[in-house]
Amino acid sequence: MTGKAGGFLLIFESTHGVIAGERALREMGQACRIVPVPREISSQCGMAIEIAADQIERALDEIKRRRINCRAQERPPKHPRA
Amino acid sequence: MGNTYFDNAATSFPKPPEVARAMTRYLDEVGGPYGRSAYGRAIEVAREVESTRERLAALLQVRDSSAVVFCANATQAINTVLKGLDLAGRTVLVSPLEHNAVMRPLRRLRAESGVTIASLPAGDDGLVRVDRIKTKIGRHDRRSVGLVVVSHQSNVNGVIQPVAAIKKALGDVPLLVDGAQSCGDVPLDVEGSGLDFFAFTGHKHLLGPPGTGGLYVHRARELMPLMEGGTGSRSESVEMPRFMPDRFEAGTPNIVGLFGLGAALAHRPSPRHTRQDFLDLLTGVRRLGGVRTLCAEVPANQAETFSVVPEHDDVMAFGQRLFEEFGIEARSGLHCAPFAHKALQSFPHGAVRLSLSPYHTARDLDELLRALTTVAGGRKAGKARR
């Protein structure tokens with residue numbers, strides 16, 4: 001899941017956003033996983049989507065194209081793998 | 001005995017078998033909360049609930065599903081709009097066929113906030129006269145009209161209102177459409193029609209369980225939430241989120257119900273009777289002596305709900321005979337719509353209402369006509385065409 005350069009988390013406002021984001025990524029064939037939001041990250045809801053770093057640009061483009069609000073953040077080093 | 005249940009305007013029965021299976025699966029196998037946790041079970045629940053939201057958005061032809069918020073029922077959805085808008089001192093126009101879900105909160109707003117309630121121009125069957133709307137609004141000073149409320153489909157006589165044309169005539173005056181009866185029965189492009197708010201319930205023509213429903217919100221910024229509480233989002237803040245749908249979804253939703261509603265939306269049955277079967281039934285009823293039929297003047301504006309007012313019998317006794325002699329299950333009385341019955345001149349005694357579902361066969365409709373003919377005294381002007 002983390003790919004060559006580490007992992008990123010996509011942070012959404014709401015559960016609705018997380019599921020919409022997951023659907024968007026799956027429909028474009030992008031591997032992703034819903035994970036708990038790390039404690040260190042101030043988040044809008046308790047779930048985030050983990051995605052490989054080398055896929056983040058492509059993923060963000062699709063999510064923004066679908067007008068789903070989210071931001072990307074590099075996964076903190078201490079965040080345990082889900 | 002065939003399908004004798006003709007009270008689908010109250011709640012629909014039967015439901016697609018997948019509804020109970022989905023609800024049982026949630027209760028027995030899935031469990032877990034929505035939007036509160038982030039482990040496998042909770043993620044599955046989130047996916048299922050959001051799938052229901054997506055299906056509703058598709059049905060309503062709404063592009064952004066976050067504009068569809070879940071409510072316990074259409075009544076809560078309607079109250080969200082009526083109490084969430086700033087209507088103090090303003091005028092609210094309503095169709096003559098509104099349900100108590102609209103009229104009771106409006107009465108309270110009139111008493112407490114100085115809201116003026118006025119009727120839209122309409123024909124004898126309650127169909128709104130779109131050509132007279134602009135004149136009506138002009139009489140009230142357009143700026144003072146805070147909201148217009150129209151029941152898309154009457155729960156008494158089945159009249160279907162031309163809500164898209166009404167919105168076009170209103171321009172930027174907000175329109176709330178009560179879709180409690182119509183959603184799942186009358187196709188409607190909610191977003192394309194320019195509706196500002198559309199309230200609906202899950203347990204009537206959507207064939208889902210009670211305790212589900214929702215509200216399409218186009219003007220979210222103008223609307224205050226009806227309830228504040230936990231949303232599972234922005235938990236560090238004591239303010240309700242400003243983003244959709246969370247702004248209007250405080251508290252735990254009816255998760256088991258939404259599983260069922262999702263299954264209902266995914267497994268909609270094909271009708272077992274034709275439109276002509278229904279029109280033949282209605283024609284037969286209208287020809288009966290001894291009863292007055294409450295229905296649309298024009299068949300094109302008629303949903304598959306209508307009522308009969310016995311001319312020589314007590315309304316409750318008439319309904320009781322239908323049940324005891326023929327097993328016909330129908331609601332007698334005022335149907336929580338005294339305002340409508342006043343407009344249709346059936347107040348205070350009301351009527352006996354018959355409302356169909358996709359599960360009725362042509363034979364069921366024949367049996368209903370036979371029952372009505374017998375209870376009405378057997379006096380009829382002619383046979384219904386088959």
Side-chain angles (χ1 to χ4, degrees), chain A residues 1-2 7-51 59-76 78-82, chain B residues 32-58 62-70 191 214-217 220 225 230-237 239-253 255 258-259 262:
Chain A
M1 181 58 65
T2 58
F8 267 76
L9 295 176
L10 297 174
I11 313 295
F12 299 83
E13 289 177 326
S14 64
T15 300
H16 167 76
V18 171
I19 301 303
E22 182 192 45
R23 185 182 311 113
L25 295 176
R26 287 189 173 183
E27 287 177 0
M28 65 183 285
Q30 175 63 56
C32 62
R33 182 170 57 182
I34 293 178
V35 297
V37 176
R39 201 175 304 168
E40 306 92 309
I41 294 178
S42 175
S43 165
Q44 309 279 26
C45 81
M47 293 188 252
I49 293 179
E50 183 181 45
I51 194 164
L60 278 176
D61 284 345
E62 178 62 14
I63 286 176
K64 285 180 181 177
R65 188 184 71 81
R66 297 192 186 206
R67 300 185 179 184
I68 304 169
N69 289 335
C70 89
R71 62 182 174 85
Q73 183 159 341
E74 194 168 358
R75 191 178 62 229
K78 292 183 181 178
H79 175 50
R81 291 174 194 277
Chain B
Y34 166 78
R36 302 303 193 265
S37 307
Y39 41 81
R41 188 187 305 274
I43 294 169
E44 183 180 353
V45 170
R47 287 185 183 130
E48 195 67 40
V49 169
E50 289 303 319
S51 171
T52 298
R53 193 191 309 274
E54 292 297 323
R55 291 185 187 279
L56 287 167
V62 171
R63 285 170 297 176
D64 181 1
S65 59
S66 72
V68 178
V69 303
F70 294 125
E191 192 168 29
L215 177 67
Y216 162 75
V217 182
T231 59
S233 55
R234 299 215 67 180
S235 293
E236 72 280 4
S237 172
E239 302 287 334
M240 282 295 285
R242 299 203 70 83
F243 48 82
M244 299 287 283
D246 294 37
R247 181 158 180 77
F248 299 99
E249 291 189 355
T252 297
I255 302 171
L258 293 174
F259 267 59

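Letters go in sequence order (proteins before strands), and every chain restarts at 1. FYI, side chains are in, hydrogens and waters are out, and symmetry mates aren't considered; it's all heavy atoms of this structure.
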Engineer: E54(B) versus chain A, heavy atoms under 4.5 Å apart: side chain, backbone, both or neither?
Structural biologist: side chain

Engineer: So which part of R53(B) gets closer than 4.5 Å to some heavy atom of chain A, the side chain, the backbone, both or neither?
Structural biologist: side chain

Engineer: Would you say the side chains of E50(B) and Y34(B) form a donor-acceptor pair under 3.5 Å?
Structural biologist: yes

Engineer: Just to verify, what does A72(A) make a side chain to side chain contact (heavy atoms under 4.5 Å, CB included) with, not counting sequence neighbours?
Structural biologist: F8(A), L10(A), I56(A), L60(A)

Engineer: Answer yes or no: is there an ion pair linking R65(A) with E62(A), defined by an N-O contact shorter than 4.0 Å?
Structural biologist: yes

Engineer: Indicate yes or no: does E236(B) engage R234(B) in a salt bridge with an N to O separation below 4.0 Å.
Structural biologist: yes

Engineer: Determine the option with the most heavy-atom pairs under 4.5 angstrom with chain A, choosing from S65(B), S51(B), P241(B).
Structural biologist: S65(B)

Engineer: Using non-hydrogen atoms and a 4.5 Å limit, figure out which bit of S66(B) sits close to chain A: side chain, backbone, both or neither.
Structural biologist: both

Engineer: Looking at residues at least two apart in the chain, or sitting in another chain, which of them share a ring-ring contact (aromatic ring centres under 6.0 Å, His included) with F259(B)?
Structural biologist: Y26(B)

Engineer: Heavy-atom distance under 4.5 Å to chain B: side chain of R23(A), backbone, both or neither?
Structural biologist: side chain

